[in-house]
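Since the structure comes first, as structure tokens, the remarks are kept for the end.
Naming convention: chains lettered A, B, ... in sequence-line order (proteins, then strands); numbering from 1 in each chain.
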Amino acid sequence: MSENEISLVALFEKSTDTAKAIDDLHTLGIPDDRMVVMTDVPYPEQALGRTREWSSLPYIVLAGAIVGLLIGLFLSAITPHLYRLDVGGHPPVGFPPAAVITFVFTMMAIIVSTFLGVLWEMDFPSFGPAPYHKAVTDGQLAILIEFSPDLDDKVNQVLKANQADYIGEPEMISL
Amino acid sequence: MSESEVLAYPEDSSAAEFEDRLLLAERTSSEINQAVLQPMFRTSWKFWALVIFLSLLVLWGLFAWGYLIYWGMGTAGINRPVYWGFFIATFVFWVGISHAGTMISAVLRLLKADWRRPITRGAEAMTAFALMMAGLFPFIHLGRVWKFYWMLPYPNNRLMWPNFQSPLMWDMVAIFTYFIGSTLYLYLALIPDLAMARDHTGKWRQKLYRVLSLGWRGTEAEWHKLHRALSIFSVAIIPIFLSVHSIVSWDFAVTIQPRWHSTIFAPYFVVGAIYSGLAALACILVIVRKGMQLQEFLRSEHFDALGKLVLVAGMAWVYFWFAGFIVEWYGNEPVTRELIHEEVAGSLAPLFYLQMSANLIPIVMLIFKKVRTTPWLLLVATLLVNVGMFTERVLIVVGNLQRNFMPFNWGEYSPTWVEVSIVVMTFAGFALLYTIFSRIFPYVPVWEIKEGRLRYTVRRIGRLLVPTAAEIE
Amino acid sequence: MKRFWLIGLFILVVVGVIAGVILTRVQVYAAPEQPIAYSHQVHVEAGIQCLFCHPSPLKSPLAGIPSVQKCMGCHNVIDTDNPEIQQVASYYESGEPIPWIRVNLQPDFVYFNHQPHLGAGLNCETCHGDVGQMDVTRQTVKMDMGWCLDCHINQSDEKVGRLADCLACHK
Amino acid sequence: MAEIEPRWVLIVDLDRCTGCQACVVACQAENNVPTVGEHETIEGRWLHWIHIERYWEGEYPNIKARFMPVMCQQCTAAPCEPVCPVFATYHTPEGLNAQIYNRCIGTRFCGSACPYKTRTYNWLRPEFPEPLHEQLNPDVTVRSRGLIEKCTFCVQRIRRIEIEAHAQGREPVDGEIQPACVQTCPPDALVFGDLNDPSSRVSQLATSHRSFKLLGELGTDPGVIYLKGGETNV
Amino acid sequence: MTKRVSRRDFLKLTAGATVVTGLAPSVRRMVLEPYVQPPEEVLPGEATWYASTCRLCPAGCGIIVRVINGRAKKIEGNPHHPLNQGKLCARGQAGLQILYNPDRLKNAVLQSGGRGSLKFEPLYWSEALDILVDKLETLSNPNRVAFLGGLMPSHLYKLTTRFLSSFGSSSPIIYDLHSALEGRNSTVQLSESLFGSPELPIYDLANAEVIFSFGANFLETWMSPVSQSHAFGTMRQGQLGGRGFLVHFEPRLSATAASADEWIPIKPGAEGYVALAIGRIILEERLGQASSHRPYSILYQNVDVQEMADASQIPVEVLHRFARIFADADQAIAIPGGGLAGQHNGGTSMLAVQALNLLSAQIGRVGGVFLSQPGPTAGFRQNPNPGSFENLSILIERMKSGEIDLLLIYGTNPVFELPTSAGFAEAIASVPYVISFSQFVDETAARADLILPDHTYLESWGYEVPAPGAAKPAVSSQQPVVRPLYDTRSTGDVLLAVAERLGGQVANALPWSDEVDFLQELATELHGSSLGAYDAKTPSSFWALWRQYGGWWTEKEIPREPDISTIVQEPIPVSEPVFDGEENSYPYHLHPYPSITLSDGRGANLPWLQGAPDPMTTVCWGTWVELNPETASSLGVSEDDVVRVISPHGELEAPVVIYPGIRPDVVAIPVGQGHEQFGRFAEQRGSNPIALVASITDPETGSLAWGATRVRIEPTGRKKSLARLESLAGEGRESIG
């Protein structure tokens with residue numbers, strides 16, 4: 001945030017108030033990317049009047065799946081040829097075992113890439129000091145707003161008008 | 001029930017009943033937080049006594065394992081032709097138990113069965129710990145466990161790779177995948193609750209939760225991505241969960257050992273796994289509810305629903321069992337005939353009838369709602385299922401190896417103290433991990449319950465009050 | 001800073017592993033201390049062929065360590081003042097074998113046979129290195145399975161089936 | 001080296017076998033098979049690579065007993081081979097079902113998969129009280145506890161003769177290679193040789209009308225061929 | 001300040017690093033010890049094969065021993081030997097474990113704590129010889145020393161006999177259980193009376209069309225099992241256009257009976273009846289080659305077929321069938337076996353059986369009965385033929401009455417091998433001084449004052465004339481294949497050393513410096529023969545070839561037709577078997593039989609043999625009692641139930657094996673186990689059925705009638721699992737599936 005920006009945190013009891021406050025902040029000209037809403041419950045998209053965010057997770061998973069598939073194919077179809085040993089009259093690479101191995105490795109890669117992907121997407125782990133308020137996990141809805149100083153009064157007004165329980169400077173907490 | 005009686009219900013009490021059932025009762029978020037966190041701090045002497053007792057069992061089992069490694073497999077009761085004994089049977093049992101977690105949290109999540117919410121974490125933890133215990137057995141039963149790394153695919157100067165035609169390789173890879181999947185699944189869903197716990201605890205716990213919650217703040221973006229990830233997980237883990245027990249069954253079915261060499265083994269094993277897993281979950285929930293005073297979250301309607309699932313799985317298991325049995329009986333092949341005779345009227349008969357009764361009686365019991373909703377009756381029924389399914393594993397692994405094509409080489413098997421100690425060790429280890437887990441991590445998924453509260457409301461339709469869900473997910 | 005320690009620990013582990021690898025190699029290649037300060041170099045430079053002292057690799061699995069009698073065959077007259085030679089003589093007189101430390105060693109489950117290797121036209125030097133240049137004999141290659149396979153797996157098609165077969169060395 | 005790889009087979013003539021156990025002890029002596037003692041035998045953990053099964057037929061007084069030496073059948077389509085996760089058992093180009101002891105990790109999967117139950121396992125640490133260890137054959141690995149072992153058709157003897165013959169610039173002649181059991185069998189009930197050599201004794205015996213394979217209906221294509229007893233060959 | 005790190009320390013350091021990183025195999029430092037003076041024929045790492053002779057039974061098979069770096073590794077049959085032709089039995093294979101037995105005596109010992117105390121004090125050989133010489137010198141009368149021998153090397157028997165006769169004492173008494181169970185003594189006596197030669201006849205099984213075996217376990221322990229088994233294989237599948245037919249008469253289905261085409265569970269003692277009846281039928285019906293019958297018709301004068309059929313409980317029709325089978329065959333042999341010799345009427349039964357061969361003119365024919373041709377080996381004969389039990393009984397009486405002051409025992413273990421009722425254990429206690437030459441502390445050696453352990457057969461010299469021999473005249477030579485492991489000494493050398501010290505006529509009678517000297521002298525006798533399979537220019541090269549080939553034999557087969565003596569001028573007596581024990585209180589016949597692996601018990605300390613299963617029951621490591629299923633159910637016992645077997649002379653306990661191949665009135669127990677002393681593998685294992693046997697003898701031959709004891713059986717209610725390979729649940733079925 002730039003130096004002459006003000007950041008505020010406002011806590012609300014009710015989601016309706018929060019949604020209203022966000023709408024009002026929008027009308028004040030504060031865009032979505034200057035607001036962060038923190039809740040203890042996953043609210044449905046648009047419940048608070050904000051648009052959906054684009055996520056690259058499916059692509060990460062897809063890439064993971066392809067990598068897993070390739071590993072699986074390598075292990076099940078290539079390695080038997082690196083040191084050829086015959087077993088039980090089977091061909092060195094049989095479809096059923098190769099299918100099982102390829103499948104399982106693909107699934108493993110999907111799982112791992114999903115996990116890593118979501119951490120990547122969320123910038124986790126990020127323990128560094130971040131604006132936060134502990135009341136969030138007690139059911140309060142928090143809006144974190146950044147705006148230029150000239151909107152200070154208006155923002156406070158809007159927030160108060162929407163029954164904000166608390167308005168104040170956000171605490172920078174080492175999470 | 002006559003109409004007049006329904007009308008006689010006071011409206012208020014009816015509404016309260018629904019709210020109660022759906023955990024919609026007027027409670028603030030922080031009250032719910034405390035209700036979940038408080039039991040974690042309740043560590044009476046009984047708790048420590050339990051921990052010490054379980055630890056001693058685990059230590060004894062580890063000693064037995066050391067003894068086994070030092071002196072060799074001969075200290076176990078296995079022999080020729082019963083090359084696999086209690087170890088593999090217990091392995092199959094634990095892998096089976098692990099199936100309930102996925103069933104509850106992935107399948108029910110996808111099906112949007114909302115009653116799952118309070119029990120998902122317990123189920124997922126059960127999966128993870130059961131897999132840990134299951135994962136021990138492939139090591140325990142190795143004759144030269146110090147060479148286990150030869151099963152790992154890594155480039156080496158011998159140019160040797162593992163044999164991917166071996167079902168043991170599939171097994172190892174599948175179980176590892178399932179373990180990763182279920183552990184990550186458990187962990188992902190735990191993050192918001194860890195953040196909650198971080199905000200409401202101090203000292204070492206806070207430090208631990210801080211690290212584990214990775215900096216969760218509960219922003220909209222985080223929730224959105226978490227949801228997305230959990231949906232992918234739910235979808236991805238279901239084929240894994242089906243494949244794991246199928247592969248375990250193929251360990252047996254790929255051989256030409258009569259009664260093992262069966263095409264129905266894979267679905268039969270999966271269904272059996274779900275049956276025993278759900279039963280084990282019900283069992284654990286009854287115990288945990290009592291031990292941690294979680295009556296508020298784990299209610300009779302959860303048990304009712306879980307009981308119904310157990311019932312359905314049980315009936316499916318009977319169907320699959322019978323479908324296999326009738327074909328084998330009818331085929332009347334000599335060794336199969338011997339094996340069936342052994343089970344029905346021979347030396348395995350006590351085990352066989354124990355297995356059948358312990359698996360069938362609970363099905364009859366669970367038909368009654370009274371049983372499903374009364375904790376101790378449910379406990380009895382589900383414990384029976386687990387006894388039955390354990391016996392079934394023993395019968396499949398041990399029983400079927402006792403007879404083969406060469407009557408000269410038939411054999412009998414009975415476990416030794418080493419095997420019993422190690423098997424008990426895994427039960428104790430599971431209980432120990434579970435006990436410790438329940439005191440360190442929020443046992444009830446707080447955010448999921450809160451989410452559920454968001455989605456539900458009680459509506460009046462005519463004279464009736466009914467719960468309705470908002471399609472918001 | 002905590003992170004520093006973490007990185008430090010990591011580096012320590014990596015360095016330890018690398019050092020271990022190097023040290024084990026050094027140890028494989030290090031010449032052991034022998035009971036008699038025998039020098040291959042001196043003998044080879046004197047014009048003695050390998051097969052003079054180690055006569056059996058052409059017909060036997062082992063190359064053979066020369067008997068004390070064989071040593072004394074020459075050293076009855078040659079260099080008898082040398083204290084090391086006198087030590088050999090004392091072994092001979094007491095009828096005790098000289099406890100040589102084995103330099104090139106295969107584990108119990110590996111069955112190496114010199115005869116077919118020499119029969120296939122390999123020289124002593126191919127595997128044992130230039131022993132004639134060594135004062136104290138040491139191993140020049142780490143004789144592990146990968147090393148064996150380097151040759152065995154790169155054979156003509158009709159031979160590789162047998163030579164790369166596990167039963168070629170493990171019985 | 002032969003142009004076509006040999007296919008080693010063992011012929012067991014049940015009409016000649018007298019059940020005398022000479023092969024059992026010869027095998028034990030040749031292959032460093034430990035003796036396990038009374039208790040382990042009771043537990044079903046005996047370790048003979050070759051054992052003689054005795055079958056009863058009829059009832060007293062019209063009773064007959066038959067002997068059948070059973071050892072690893074060296075199947076071509078061996079059920080034991082594909083199940084090993086580490087390739088400790090596999091099929092060699094010369095038709096042997098190989099067991100590499102130092103590679104075995106002891107899953108016992110092959111033992112469970114073997115329909116003949118001829119794979120034995122070192123349940124406990126083998127003991128050779130001094131100086132009995134002096135009897136150990138230096139050509140055969142002494143197995144530790146925790147691994148599967150079985151009849152190898154005395155591969156060390158096959159190799160010994162092959163190397164010897166090769167050094168002399170010739171091929172081994174039929175009958176020159178003999179596993180320990182074949183070498184010692186007093187009534188000559190066991191014959192060993194190369195099935196791919198049409199002139200070998202085993203090739204001729206294998207075509208006998210008396211020949212059959214143990215559990216032939218399983219289709220494992222064993223390398224051990226039995227000749228039925230109680231009939232003339234003509 | 002910096003300590004100099006030596007290279008050794010450095011190695012230690014790297015070893016530490018290795019362990020820590022676990023990246024390389026742990027440090028291996030192996031010491032190589034070269035020969036100081038290498039033996040000529042030895043190539044390091046390469047095996048050397050030495051030819052010698054097997055001594056685990058009296059058959060005398062040729063063996064070759066694989067020796068690597070001075071250690072014997074494997075025993076195989078000598079492929080050139082005419083007797084066993086490269087084959088060897090289980091016992092022969094296990095001989096290595098005698099050499100490497102952990103319970104061997106490592107030097108001469110004095111039982112310092114008194115007899116049976118098992119407290120041994122090591123002695124130097126010079127001290128030990130001093131004692132022996134002293135004991136001999138102080139004897140009041142040379143007849144107060146007795147030498148009891150069992151399985152003795154031939155040259156040792158010669159030396160001993162020479163030694164004793166020069167000393168003025170009587171020849172050694174030879175007796176061992178193995179020979180008794182084979183009926184060697186009776187067979188030799190029969191040959192002497194029939195053929196005029198005290199030898200064991202050879203039956204040409206390989207070429208026989210029909211074989212009637214009367215209690216001859218010729219595929220297990222009887223006589224020369226390896227060569228007989230080899231011949232059996234040929235008889236089965238090696239004959240052109242035919243397959244021999246084997247009928248076995250024995251109360252129990254032995255392994256030989258199992259290989260037979262027909263097994264007749266004959267009443268114990270009734271074998272002779274059957275043979276007589278068959279002979280009579282052949283004569284009456286003029287079956288087969290009737291022309292050869294005439295001289296023998298007198299033999300069957302007293303025989304009534306119906307009577308014989310009643311007495312043997314075999315229907316007349318069956319006897320007729322057998323008579324036809326026997327007579328119609330071109331080559332038919334009847335073998336009188338050890339089972340007959342062990343009956344009270346053994347001598348006559350054996351005569352009756354052997355007479356069948358006379359009747360069908362099989363003597364000296366291909367596929368018939370031979371005597372071995374000594375050829376130039378005649379000088380080597382004088383094998384110690386086992387004496388009768390009666391001779392031994394006389395010795396026991398003399399011992400009891402204090403007529404023996406010094407007892408020397410070689411190669412036999414009478415305390416174990418004789419029935420308790422023979423009283424050897426009490427007799428030996430009344431002998432003032434007992435010296436044993438045993439390599440192990442067995443039951444008899446435990447009762448000796450001094451033990452002078454001989455080398456094992458793989459460490460010592462000797463020779464053996466195979467008996468019954470092969471079709472070629474042969475002598476098997478024996479030589480040390482390894483250097484003696486311990487400070488033991490050859491008994492031959494001990495005798496020579498003692499003779500030297502005694503001086504006088506004894507020293508003159510035994511002038512050789514050691515036994516090798518004696519053997520070399522003996523071997524030169526064969527040097528001149530042109531019949532040998534090899535030629536040698538000089539005696540010393542003959543000696544080398546003699547050792548290299550493992551003996552001497554002729555190129556060609558030289559069979560010898562026996563001369564039929566005058567005995568066949570009288571009718572064969574019909575004698576009824578007599579049994580010890582009242583039939584009402586002892587309803588079952590005890591049938592002890594030699595174990596195929598442990599033989600008479602001398603194999604019991606070899607783990608390979610203990611672990612090798614009995615072919616019929618697949619039991620190892622123990623003793624069992626075989627009962628017919630009918631008998632078992634009448635007694636109310638099942639498999640593994642421990643029963644008490646009681647004879648008038650003792651009792652034993654052992655688990656039951658339900659054995660479908662045994663007469664309901666017979667109880668069979670294998671011999672071999674039940675050692676009190678004999679090393680860790682044999683001790684306190686199973687029980688010894690010979691202990692129950694009554695010491696009654698066959699009046700004809702003086703042999704012990706070991707099969708003539710009756711017993712009763714009492715269940716004990718206990719169970720003991722037998723170590724068996726077979727699964728009981730399998731019920732003896734073949735593969736199913």
### Message
With chain E as the partner, which of D/T35, D/L132, D/V36 has the greatest number of non-hydrogen pairs under 4.5 Å?
### Response
D/L132

### Query
Taking non-hydrogen atoms and a cut-off under 4.5 angstrom, which of residues 72-79 of chain E neighbour chain D?
E/A72, E/K73, E/K74, E/E76, E/G77

### Query
Top residue by heavy-atom pair count (under 4.5 Å) with chain D, among E/P615, E/G661, E/A47?
E/P615

### Task
Mark yes or no for whether E/N101, through its side chain, and E/D103, through its backbone, hold a donor-acceptor pair below 3.5 Å.
yes

### Toward chain E, the part of D/A189 with a non-hydrogen atom under 4.5 Å
neither

## Note on the structure
Most heavy-atom pairs under 4.5 Å with chain D, out of E/P265, E/G730, E/G238, belong to E/P265

### Backbone of D/C181 reached by a side-chain donor or acceptor of D/T184 within 3.5 Å
no

### Query
Hey, does the side chain of E/N628 reach the backbone of E/R663 with a donor-acceptor pair shorter than 3.5 angstrom?
no

### Query
Is it the side chain or the backbone of E/A257 that comes within 4.5 Å of chain D heavy atoms, both, or neither?
neither

### Message
I'd like to know if the side chain of E/E459 reaches the main chain of E/T456, judged simply by a donor and an acceptor atom lying under 3.5 Å from each other, with no hydrogens or angles considered.
### Response
yes

### Query
Does any N or O in the side chain of E/S595 come within less than 3.5 Å of the main-chain N or O of E/T597, such that one atom is a donor and the other an acceptor?
yes

#### Entry: Residues of residues 58-72 of chain D contacting chain E, heavy-atom criterion under 4.5 Å, by residue number
D/Y60, D/P61, D/I63, D/K64, D/A65, D/R66, D/F67, D/M68

### Interchain contact, E/L253 with chain D, by part (heavy-atom threshold 4.5 Å)
side chain

### Task
Measure distances from E/I662 to the heavy atoms of chain D and classify the residue's part below 4.5 Å as side chain, backbone, both or neither.
backbone

### Task
Identify which part of E/R71 has an atom lying under 4.5 Å from any heavy atom of chain D, answering side chain, backbone, both or neither.
side chain

### Query
Side chains of E/Q237 and D/R210: do they bring a donor and an acceptor to under 3.5 Å?
yes

### Message
Under a 4.5 Å cutoff for heavy-atom pairs, which residue among D/E30, D/H51, D/R54, D/R160 has the most contacts with chain E?
### Response
D/R54

### Message
Is it the case that the side chains of E/Q610 and D/E38 hold a donor-acceptor pair, with the cut-off being a distance below 3.5 Å and no angle test?
### Response
no

### Query
Just wondering, more than 12 heavy atoms not from E/R483 lying within 6.0 Å of its CZ?
no

#### Entry: Which atom of E/D614 lies closest to which atom of D/Q21, heavy atoms considered
C-NE2, 4.1 Å

### Query
Side chains of D/E149 and D/W49: donor-acceptor distance under 3.5 Å anywhere?
yes

### Message
Any side-chain to backbone donor/acceptor pair from D/E40 onto D/G37? Under 3.5 Å, distance only.
### Response
no

### Message
Show, in sequence, the C-alpha distance, side-chain angles and deciding distance for E/Y659 and E/V666, and conclude whether the side-chain contact (heavy atoms from CB on, under 4.5 Å) test is met.
### Response
CA-CA 11 Å; E/Y659 195 79; E/V666 174; over 6 Å; no

### Message
Using heavy-atom distances under 4.5 Å, tell me whether D/E53 contacts chain E through its side chain, its backbone, both, or neither.
### Response
neither

### Query
Is chain D contacted by the side chain of E/F245, its backbone, both, or neither, given a heavy-atom distance below 4.5 Å?
neither

### Task
Could you tell me which of E/R104, E/E726, E/E262 has the largest number of non-hydrogen atom pairs under 4.5 Å with chain D?
E/E726

### Message
Strictly by salt bridge (Lys or Arg N to Asp or Glu O under 4.0 Å), give each pair with a member in residues 15-29 of chain D just once, sequence neighbours left out.
### Response
D/D13-D/R16, D/D15-E/R236, D/D15-E/R243

### Query
Counting heavy-atom pairs under 4.5 Å to chain D, which of E/P607, E/P613, E/A231 comes out on top?
E/P613

### Query
Are a donor atom and an acceptor atom from the side chains of D/S208 and D/S211 found within less than 3.5 Å of each other?
no

### Message
Applying the side-chain contact (heavy atoms from CB on, under 4.5 Å) criterion to D/V191, which one of D/I225, D/L227, D/V202 satisfies it?
### Response
D/V202

### Message
I'd like to know if the side chain of E/N605 pairs up with that of E/Q97 as donor and acceptor (distance under 3.5 Å, no hydrogens or angles considered).
### Response
no

### Main-chain N/O of D/L215 paired to E/S735 side chain as donor or acceptor, under 3.5 Å
no

### Query
Short question: side chain of E/R252, backbone of E/E250 - any donor-acceptor pair under 3.5 Å?
no

### Query
Which of residues 217-227 of chain E have a heavy atom under 4.5 Å from any heavy atom of chain D?
E/L219, E/V226

### Task
With side-chain contact (heavy atoms from CB on, under 4.5 Å) as the test, would you mind laying out the steps for E/L56 and E/S599 before giving the verdict?
CA-CA 9 Å; E/L56 275 97; E/S599 138; over 6 Å; no

### Task
Tell me, for E/M616 versus chain D, whether the close heavy atoms (under 4.5 Å) come from the side chain, the backbone, both or neither.
both

### Task
Would you mind checking which part of E/R66 comes under 4.5 Å of any heavy atom in chain D, side chain (CB onward), backbone (N, CA, C, O), both or neither?
side chain

### Message
Report which part of D/L47 has an atom under 4.5 Å of a heavy atom belonging to chain E: side chain, backbone, both, or neither.
### Response
neither

### Task
Heavy atoms only, distances under 4.5 angstrom: which of D/C20, D/A22, D/G19, D/G229 has the most pairs with chain E? Name it, please.
D/A22

### Query
What part of D/T41 is in contact with chain E, defined as an atom under 4.5 angstrom from a non-hydrogen atom: side chain, backbone, both or neither?
both

### Task
To the nearest 0.5 angstrom, please state how far the CG atom of E/L88 sits from the OG atom of E/S229.
11.0 Å

### Message
Between D/C17 and chain E, with a heavy-atom cut-off of 4.5 Å, which part of the residue counts as in contact: side chain, backbone, both or neither?
### Response
backbone

### Query
Tell me, side chain or backbone of E/L96 under 4.5 Å from chain D's heavy atoms, or both, or neither?
side chain

#### Entry: Contact check, side chains of D/P34 and D/R125, non-hydrogen atoms, under 4.5 Å
no

### Query
Between D/Q74 and D/N97, is there a donor-acceptor pair closer than 3.5 Å when you use the side chain of the first and the backbone of the second?
yes

### Message
When you measure from the side chain of D/N137 to the backbone of D/N32, do you find a donor-acceptor pair of N or O atoms at a distance under 3.5 Å?
### Response
no

